[in-house]
There are 2 protein chains.
Amino acid sequence: MNRFVLDKESILQAAENAIRRYGPCKTNLTDIAKALSVSHAAIYRYYADKADLLEAVTERWLARTFRSLDPIMRENARPEEKLRHYLQELCRTKRACAATDPEMFENYAVLSEGSSRALKEHLHHILNQMESIIQQGIHSKAFIDQDPRQLAISVFIATSRFHHPAFASEWQNPDIENRLDAVLNLILSGMEIRN
Amino acid sequence: MNRFVLDKESILQAAENAIRRYGPCKTNLTDIAKALSVSHAAIYRYYADKADLLEAVTERWLARTFRSLDPIMRENARPEEKLRHYLQELCRTKRACAATDPEMFENYAVLSEGSSRALKEHLHHILNQMESIIQQGIHSKAFIDQDPRQLAISVFIATSRFHHPAFASEWQNPDIENRLDAVLNLILSGMEIRN
DNA sequence: CAAAGTACATATTCTATCATTTGTAACTTT
DNA sequence: AAAGTTACAAATGATAGAATATGTACTTTG
């Protein structure tokens with residue numbers, strides 16, 4: 001018998017499968033429960049409600065998907081190159097998700113319209129990492145001496161077109177990577193101390 | 001009798017009134033025709049179809065609304081200040097429309113999701129004006145010597161968050177103007193030749 | 001014959017009703 | 001008592017038939 005122990009993790013996996021199969025809009029608790037061979041009510045023992053479950057699914061997905069940013073933090077490159085790599089990788093990852101994992105990306109896009117705790121935390125995490133790189137750059141006299149948090153926010157905003165899901169339809173343009181590089185050149189040379 | 005001569009202009013005005021009254025989604029040709037005391041079929045003598053009429057309405061609205069940019073082009077300021085003013089005014093105008101003329105703004109936002117000739121031309125017009133300011137800056141050795149068109153596009157993209165309708169909901173934040181200034185500082189100092 | 005109206009086919013949108021989904025509480029089983 | 005099921009009320013979503021809107025061809029009017 002393929003009898004699971006029903007737990008948070010198996011519910012998360014079933015939910016993710018359902019989202020991939022039916023898309024985020026058509027996914028319902030009944031189908032998720034059916035896949036686990038339990039009644040839908042059983043899920044309420046583990047998650048307060050549907051929104052809570054979807055938050056958890058997205059949180060797990062975000063952590064997995066943007067792990068590729070962590071090695072960049074450990075790179076031994078000049079801060080300006082590190083920040084460039086970081087944003088290139090952030091945007092590349094978003095593009096890759098939109099193209100190869102469209103349902104999970106849509107799930108994320110839908111959630112990003114509302115106000116989700118998981119997404120706020122993810123944004124904070126991204127800004128923290130950028131701030132840390134900028135901090136290094138300020139210490140090594142590579143970047144102008146301004147509030148690194150504010151700089152991180154400005155850089156994040158200025159590159160929105162390349163990582164915000166509202167613009168996902170533009171990301172198919174083969175020129176998109178060049179466009180990002182052009183914007184990064186402008187921003188980075190605005191931050192650098194020239195000599 | 002309030003008998004009009006039915007012409008393109010009076011139809012445009014009636015259409016704009018209808019959009020303001022009912023919103024772009026609920027506006028239909030029958031109501032527009034009713035307001036003009038003609039049958040809806042009469043409109044087809046002047047506009048090929050509904051999309052054609054709405055294009056024309058938007059074109060007229062865009063021309064009227066963004067006239068405030070023209071005086072800036074004639075300003076006798078340093079190119080870096082001129083470009084700053086231009087983008088501040090562009091974004092300020094968008095914010096003002098979103099707040100005080102929500103139906104016409106929504107009409108514009110809806111159109112901007114599709115591919116409208118009027119909007120493409122408007123974008124070209126904006127980019128042309130920005131390019132011209134940048135051109136001046138390059139000649140006066142205030143800006144780095146790069147393709148002014150590409151620079152204009154980069155500046156436009158980097159400020160999307162402040163003028164693209166997808167972000168209109170963020171424009172209520174009282175901090176929005178400071179955020180724009182921070183991004184403009186970054187971009188402009190990236191373009192300027194420092195000494 | 002130019003300009004608008006009428007009549008009509010097709011496409012779209014509304015609306016009323018029905019089915020599903022969500023969330024809760026009381027019940028069963030081990 | 002822990003882990004699940006069953007049964008149900010309220011919210012949400014699907015559906016089909018009615019109503020309205022769009023676009024075209026033909027008719028009327030000055």
Side-chain angles (χ1 to χ4, degrees), chain A residues 1-58 103 106-107 109-111 113-118, chain B residues 1-58 103 106-107 109-111 113-118:
Chain A
M1 289 282 296
N2 58 3
R3 198 92 207 64
F4 295 101
V5 267
L6 189 61
D7 60 6
K8 286 201 162 202
E9 184 57 26
S10 58
I11 295 173
L12 283 181
Q13 190 56 58
E16 201 171 314
N17 292 344
I19 289 170
R20 286 232 170 70
R21 191 158 191 189
Y22 307 116
C25 301
K26 296 267 177 192
T27 294
N28 57 294
L29 293 185
T30 311
D31 286 339
I32 296 172
K34 215 176 288 173
L36 293 161
S37 317
V38 297
S39 77
H40 78 277
I43 291 174
Y44 286 88
R45 241 166 223 297
Y46 297 88
Y47 291 99
D49 52 24
K50 190 186 185 182
D52 187 31
L53 171 56
L54 292 182
E55 279 279 294
V57 168
T58 308
E103 288 83 14
E106 196 194 333
N107 180 57
V110 169
L111 223 66
E113 282 157 27
S115 77
S116 129
R117 183 200 47 78
Chain B
M1 292 278 295
N2 58 3
R3 198 94 207 61
F4 296 100
V5 268
L6 190 61
D7 59 7
K8 286 201 161 203
E9 183 58 25
S10 57
I11 295 172
L12 283 181
Q13 190 57 55
E16 200 170 315
N17 292 344
I19 289 170
R20 286 233 168 69
R21 192 157 190 188
Y22 307 116
C25 301
K26 298 263 177 193
T27 294
N28 57 296
L29 293 184
T30 310
D31 286 338
I32 296 171
K34 216 177 286 173
L36 293 161
S37 317
V38 297
S39 77
H40 79 277
I43 292 174
Y44 287 88
R45 230 160 234 299
Y46 298 90
Y47 292 99
D49 52 25
K50 191 185 184 183
D52 187 31
L53 170 57
L54 292 182
E55 275 286 290
V57 168
T58 308
E103 288 83 14
E106 196 193 334
N107 180 56
V110 170
L111 223 64
E113 282 158 26
S115 76
S116 130
R117 184 199 47 78

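The analysis underlying the following values was restricted to heavy atoms, covering all of them including side chains, and did not include hydrogens, waters or symmetry mates. All chains are named by letter (A, B, ...) in the order of the sequence lines, taking the proteins before the strands, and each is independently numbered beginning at 1.
- Minimum interatomic distance between A/Ala18 and A/Thr27 (heavy atoms only, all atoms of both residues): O-OG1, 3.4 Å.
- When the P atom of C/dG5 is taken as reference, atom CD1 of B/Ile43 falls 10 Å away, rounded to whole Å.
- Nearest heavy-atom pair, B/Asn28 versus B/Lys50, reported as atom, atom and distance to 0.1 Å: CA-NZ, 4.3 Å.
- Partner of B/Ile32 under the side chain to side chain contact (heavy atoms under 4.5 Å, CB included) criterion, out of B/Val57, B/Ile19, B/Leu53: B/Leu53 alone.
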With the criterion being N/O to N/O and under 3.5 Å, what pairs connect the protein with nucleotides 12-15 of chain C, and how long is each?
from, atom 1, to, atom 2, distance (Å)
C/dC14, OP1, B/Lys26, NZ, 3.3

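- Residue A/Tyr46 is in sugar-phosphate contact alone, with no base atom involved, counting any heavy-atom pair closer than 4.0 Å across all strands shown.
- For the residue pair B/Glu103 / B/Asn107, no side-chain donor-acceptor distance below 3.5 Å is found, with atom types taken as modelled.
- Atom CG of B/Asp52 is separated from atom OH of B/Tyr46 by 14.5 Å, given to the nearest 0.5 angstrom.
- Shown are A/Arg20, A/Gln13, A/Arg21; of these, the side-chain hydrogen bond (donor to acceptor under 3.5 Å, both in side chains) with A/Asn17 is made only by A/Gln13.
- In this entry the distance linking CG of A/Leu54 with C1' of C/dT21 reads 13 Å, nearest Å.
- D/dA3 atom C1' lies 16 Å from atom NZ of A/Lys8, rounded to whole Å.
- The distance from atom CD1 of B/Ile43 to atom NZ of B/Lys8, rounded to the nearest 0.5 Å, is 12.5 Å.
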**Request:** Do nucleotides 20-30 of chain D as a string where each nucleotide becomes B, S or -: B if the base has a protein heavy atom under 4.0 Å, S if just the sugar-phosphate does, - if no protein is that close.
**Result:** -SBBB------

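- Shown here for B/Glu55 and B/Arg117, the closest heavy-atom pair between the two residues is OE1-N, 3.3 Å.
- At whole-Å resolution of the value, CG in A/Leu53 and P in C/dT22 are 10 Å apart.
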